[in-house]
Amino acid sequence: MKKRHFMGLYMCLAFCLTLSLAPVQRVLAGENSIPDRTNAAPDRGVTINVYNWGEYIANGTDGSPDLNEEFTRRTGIRVNYTTFDSNEALYSKLVGGGADYDVIIPSDYMVSKLIDENMLAQLDFSNIPNYQYIDERFRDPDYDPGSRHSVPYTWGVVGLFYNTDFIEDEITSWSALWDDRYAGKILMFDNPRDSFAIAQFVLGQSLNTTDENDWAEAAALLKQQKPLVQAYVMDRIFDKMESSEAWLAPYYSGDAAILVENSDSIRFVVPEEGTNYFVDAMCIPITSSHKAEAEAYINFLCDPEIAGANMNYVGYSTPESAAKAYMDEEMVESSVYYPDDKILERTEVFVNLPEHISKLVDRLWAEVKMGGPGDSIVLVAIILGFLGLYIAIVVYKRQKRKRELA
């Protein structure tokens, strides 16, 4: 708090010194680059391309600050901000080579994949002094050993929403998603990693197992569940749960408060078997044209005051305890946003899977969605049957026409 009280005087003096003495990297990192709260930094003639999830940064709506605009005001670096809707979409853009991104914010397992494929630059932490505010337990993660390529942006856990108007029992286990009393009222994630994770916790497996038999067993459990599932969805979970069209659904804790606050009947629980603990992290592609400026942007978002304002809007958990001083007290004290240590001890983070396992998971997931290999064969047989009938009709009509003309 002392730094905040003396910020005006300190920044004025520091700005003058910075312009004449400090290395360019320190200026670009945002350190001491603000003369005061009203003056804007000169335009540096540089634009960085930021690629993030939708609705995942404070943008000036709902009373929030426009953080991209504020970053430009403070540093003179412009921001071209675009969004993606899945880690896989982000990956496709990067490998396609048609985009030049400077900052990206993938999830843990995708960070791991991008590191394995040498697609991320190693960060210069002298340009990111606000990294000091990242809590110790978020450093040196499994998905980025040594924290050389990423800085945590948000985190959370996966849990279960359920509607107490229709479900009288207290839900404590993932196995509720296999309870035939709720048939037709159950939703599941429409992505393989999250859906398989639920089955893996029920079976007592690791989320990152490389045993093909484990994945086949998890797929069999998901196929067993399929007749009970109303739909495989993502954001539609909100509408379906709020309208009572569905009664039970897994989703991310960062979005839990929205559903819980909007309905007295909806509860959120982290099942006793454990859950996925996820982190979205800020990274710089190895192809970035403006690495120092990108590091300045990461440093800006790590400023506790900025991070606090950002999390108030985004609704996810911050990896910086210092940011909580600038956040809504109700959010900070919520066990939904910040589960206790007993829950966190039962979590596991995703890491990148070997290529042959990833291909197996994709194939098994397709079978789950289709209803299994047998159903796929039946569907192909039906299509071929219709095709054969169509050809027979066409041939018959042509022969008939020839006879008529003769």
Side-chain angles (χ1 to χ4, degrees), residues 84-99 104-122 140-150 158 174 177 188-226 229 232 234 250 252 273-281 283 285-287 347-380:
F84 56 87
D85 58 9
S86 73
N87 284 290
E88 288 66 33
L90 162 64
Y91 178 76
S92 295
K93 273 292 187 72
L94 292 178
V95 297
I104 57 175
I105 305 183
S107 301
D108 34 44
Y109 74 93
M110 185 55 66
V111 174
S112 176
K113 180 179 178 67
L114 294 173
I115 292 172
D116 288 347
E117 297 184 14
N118 195 34
M119 296 175 68
L120 295 182
Q122 288 199 24
D140 192 25
D142 291 342
Y143 61 85
D144 181 15
S147 297
R148 292 188 292 270
H149 301 86
S150 65
V158 174
W174 288 116
L177 291 167
M188 278 293 281
F189 282 113
D190 193 18
N191 74 70
R193 209 64 199 271
D194 283 324
S195 284
F196 269 96
I198 293 171
Q200 288 170 320
F201 275 115
V202 172
L203 295 168
Q205 299 177 1
S206 166
L207 307 187
N208 302 302
T209 179
T210 55
D211 186 331
E212 294 187 9
N213 292 327
D214 285 346
W215 290 98
E217 187 180 3
L221 189 60
L222 291 173
K223 291 173 188 176
Q224 179 185 327
Q225 179 204 33
K226 188 177 187 298
V229 176
Y232 296 91
M234 294 302 291
Y252 312 110
E273 296 93 344
T275 192
N276 169 228
Y277 155 79
F278 61 86
V279 178
D280 291 337
C283 308
I286 200 165
T287 55
T347 62
E348 186 177 3
V349 68
F350 290 142
V351 298
N352 186 39
L353 298 169
E355 185 176 357
H356 73 285
I357 296 295
S358 292
K359 290 181 177 179
L360 172 64
V361 173
D362 289 342
R363 178 173 63 79
L364 291 173
W365 178 241
E367 291 179 3
V368 169
K369 296 288 290 291
M370 291 289 291
D375 289 351
S376 299
I377 293 171
V378 171
L379 180 61
V380 171

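Predicted model only: the values in this text are computed from it and were never measured. Just so it is clear, the values below take in all heavy atoms, side chains as well, and ignore hydrogens, waters and symmetry mates.
- Here the CH2-CG distance, from W365 to N191, works out to 7.0 Å after rounding to the nearest 0.5 Å.
- Of the possible polar contacts, one joining the D140 side chain to the G146 backbone as a donor-acceptor pair under 3.5 Å is found.
- F278 CZ to T347 OG1: the interatomic distance, rounded to the nearest 0.5 Å, is 11.0 Å.
- When all heavy atoms of L120 and H149 are compared, the closest pair comes out as O-CD2, 3.5 Å.
- Evaluation of the salt bridge (Lys or Arg N to Asp or Glu O under 4.0 Å) test over residues 108-120, restricted to residues two or more places apart or in two chains, returns K113-E117.
- A search for salt bridge (charged side-chain N to carboxylate O under 4.0 Å, His left out) contacts involving D194 returns nothing, not counting sequence neighbours.
- Residues N208 and R193 approach most closely at OD1-NH2, 2.7 Å, considering heavy atoms.
- For the pairing with F196, the ring-ring contact (aromatic ring centres under 6.0 Å, His included) check across W215, F350, W174, F201 returns one residue only, W215.
- Remark: side-chain polar atoms of S107 are not paired, donor with acceptor, to backbone N or O of Y109 under 3.5 angstrom.
- Atom CD1 of residue I198 and atom CD of residue Q225 lie 7.5 Å apart, to the nearest 0.5 angstrom.
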Practice item. Could you walk me through whether Q200 and L221 pass the side-chain contact (heavy atoms from CB on, under 4.5 Å) test, one step at a time? Key: CA-CA 9 Å; Q200 288 170 320; L221 189 60; over 6 Å; no
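- A distance of 10.5 Å separates CG in D85 from CG in L90, rounded to the nearest 0.5 Å.
- The closest donor-acceptor contact from the side chain of S195 to the backbone of F189 lies under 3.5 Å.
- Within the 3.5 Å criterion, the main-chain N or O of N352 finds a donor-acceptor partner in the side chain of S112.
- In this structure the side chain of P141 never reaches within 4.5 angstrom of the side chain of V279, judged on heavy atoms.
- Summarising the geometry of L364 relative to A216, their closest heavy-atom pair is CD1-N, 4.0 Å, with the distance given to 0.1 Å.
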Exercise for review: Please step through side-chain contact (heavy atoms from CB on, under 4.5 Å) for the pair M188 and L222, ending with a clear verdict.
Suggested key: CA-CA 10 Å; M188 278 293 281; L222 291 173; 3.9 Å; yes
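- Minimum interatomic distance between A218 and A199 (heavy atoms only, all atoms of both residues): O-CB, 3.8 Å.
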Exercise for review: Verify side-chain contact (heavy atoms from CB on, under 4.5 Å) between L114 and I104, making sure each step is shown before the conclusion.
Suggested key: CA-CA 11 Å; L114 294 173; I104 57 175; 3.9 Å; yes
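- Each salt bridge (Lys or Arg N to Asp or Glu O under 4.0 Å) pair with one or both residues in residues 199-218, not counting sequence neighbours, would appear here, but there are none.
- Closest non-hydrogen pair, E348 versus L207, comes out as OE1-N, 3.1 Å.
- Rounding to the nearest 0.5 angstrom, the gap separating the NZ atom in K369 from the NZ atom in K226 is 8.5 Å.
- Heavy-atom minimum distance, A219 versus V368: O-CG2, 3.8 Å.
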Check your understanding: Which is it for V95 and M119 under the side-chain contact (heavy atoms from CB on, under 4.5 Å) test, yes or no, and what are the steps along the way?
Key -> CA-CA 9 Å; V95 297; M119 296 175 68; 3.7 Å; yes
